[in-house]
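Only one structure is covered here, and it is reproduced in the block below.
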Protein chains: 2
Amino acid sequence: MAIKSSAPRWLSAREMKAWRAYIFASRRLMDSLESDLSEHDLSMADYEVLAQLSDSPERRMRMSELAQIAMISKSRLSHRMKVMEKAGWVKREECVEDRRGYWAVMTEKGWKAIVKAAPDHVESVRTRFLDHLSAKDQEELAKIFDRVEGNLRGQYADEN
Amino acid sequence: MAIKSSAPRWLSAREMKAWRAYIFASRRLMDSLESDLSEHDLSMADYEVLAQLSDSPERRMRMSELAQIAMISKSRLSHRMKVMEKAGWVKREECVEDRRGYWAVMTEKGWKAIVKAAPDHVESVRTRFLDHLSAKDQEELAKIFDRVEGNLRGQYADEN
DNA sequence: GGCATTTAGTTGAAAGTTGAATTAATGCGT
DNA sequence: ACGCATTAATTCAACTTTCAACTAAATGCC
């Protein structure tokens, strides 16, 4: 895909430090958030799915849109939905307007589950991450990662 | 584990912005790095394993140490080693000093594989991430994430 | 209307990951 | 030197994710 350029531009010490700090902290951070969330029998991905559903109108969303917004593949969402359906947190309803489609609908039980998990998760995000950032840090982080994501969005054609 | 505190401290707008920017950009970033690396038939985790091996003395490391430094479970490393061994990139050698143990040893072929992959991976880290950060951004990021990791290391007992 | 193409979503098999159980060797205390 | 707890590493079974193939409905086009 990319044309191989001649001499690789290796990372400077400064770049290396930034990259390694970011990647190692992030892996550890994600691991601990996952582990915290697992006490509610949720993965981060499942949480994201439920969270997105929970603040959609009617707590329902089309499968494809949900997959896209939760940044998981359609196939993965299908499989997870099957599991979460078994757990009674969501159900699927046929879509009248487009009969190929389905609505992913959050149940009352699912709502209760996320309402229960959310405060702990937020607390976890705090104690693991946010509480260690100053207000200025937070602003800089937001700026930096918004920029990074903007660029990625441009570079990386969304296929799903 | 944690004692449930009374009222959840929800995220302020600033905190929310930082958190969401970070998490969404990170997911996209990791996806694109993985996807770039996959052209060399490597995942980030496998790359990390090989990279760590490649700059150990003799290009060999004990399984447990390798697992720890690459931040994957021993079980997972065992499985990956089996696959990478089949690919001819590594082999395992019995350890004389401690006969419960094994050395993970990088082969010449493995060395060639990572030497080939590294420039592309570095380029990928650049174009996806580092090139969009100013020198100052890089320094701040390093500082922030070093701090975050330090705290995590303290909080989260390493079990593996 | 009729035919090709695209889109929504699911499925099944293969590959990857996890966590607990297992095997075997080491080390420590008395 | 004995027994017991610990450590190194693998294995098994359950679960999750991916990838490609599939079904069925919608759309576009002439």
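Quick note: numbers below take in every heavy atom, side chains included, and nothing from hydrogens, waters or symmetry partners. Throughout, a chain's letter reflects where its sequence line sits, starting with A, and its residues are numbered from 1.
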Whole-Å distance separating the [atom1] atom of [X] from the [atom2] atom of [N]:
X: A:E94; N: C:dG9; atom1: CD; atom2: P; value: 12 Å
X: A:L77; N: C:dA8; atom1: CG; atom2: P; value: 13 Å
X: B:R76; N: C:dA20; atom1: CZ; atom2: P; value: 17 Å
X: B:M84; N: C:dA15; atom1: CE; atom2: P; value: 16 Å

The test is side-chain contact (heavy atoms from CB on, under 4.5 Å); show your working for A:L11 and A:R20 and say whether it passes.
CA-CA 11 Å; A:L11 301 187; A:R20 295 181 86 74; over 6 Å; no

Given B:K86 and B:V83, is the side-chain contact (heavy atoms from CB on, under 4.5 Å) satisfied, shown in steps?
CA-CA 5 Å; B:K86 205 161 286 172; B:V83 174; 5.7 Å; no

Note: B:R27 and A:A70 closest approach over all heavy atoms is NH2-O, 2.7 Å

Tell me whether B:K136 is salt-bridged to B:E140, with the criterion being a basic N under 4.0 Å from an acidic carboxylate O.
yes

Do NZ/NE/NH1/NH2 and the carboxylate oxygens of A:R14 and B:E139 come within less than 4.0 Å?
yes

Could you tell me which residues satisfy side chain to side chain donor-acceptor pair (under 3.5 Å) with [X], sequence neighbours excluded, listed by chain and number?
X: A:E93; value: A:R60
X: B:S12; value: B:E15
X: A:S78; value: none
X: A:R80; value: A:D46

What are the bounds, 5' to 3', of the part of DNA chain D that sits under 4.0 Å from heavy atoms of chain B?
D:dT7 to D:dC12

Within this structure, what is the CZ-CE distance for the pair B:R28 and A:M71, rounded to the nearest 0.5 Å?
5.0 Å

How far does CD of A:Q138 sit from CG of A:L141, to the nearest 0.5 angstrom?
8.5 Å

Going 5' to 3' through nucleotides 21-27 of chain C and flagging B where a protein heavy-atom sits under 4.0 Å of the base, S where only the sugar-phosphate is that close, and - otherwise, we get ---BBS-

Contact list for residues 100-114 of chain B, test salt bridge (Lys or Arg N to Asp or Glu O under 4.0 Å), sequence neighbours left out:
B:D98-B:R100

Side-chain contact, heavy-atom cut-off 4.5 Å: B:N151 with A:T127?
no

All N/O contacts under 3.5 Å from nucleotides 11-13 of chain C to the protein, with atom names and distances to one decimal?
from   : atom 1 : to    : atom 2 : distance (Å)
C:dT11 : OP2    : A:K82 : NZ     : 3.4
C:dT11 : O4     : A:S75 : OG     : 3.2
C:dG12 : O6     : A:H79 : NE2    : 2.8

Ring pair (Phe, Tyr, Trp, His ring centres under 6.0 Å) involving A:Y47 - partner list, sequence neighbours excluded:
A:H121

For DNA chain D, which residues of residues 43-50 of chain B approach it to below 4.0 angstrom with any heavy atom?
none

Can you list, by chain and residue number, the hydrophobic cluster partners of A:W103 when the side-chain cut-off is 4.5 Å?
A:V105

State, to the nearest 10°, the angle formed by the axis through the first five base pairs of the helix from C:dG1-D:dC30 to C:dT30-D:dA1 and the axis through its last five.
20°

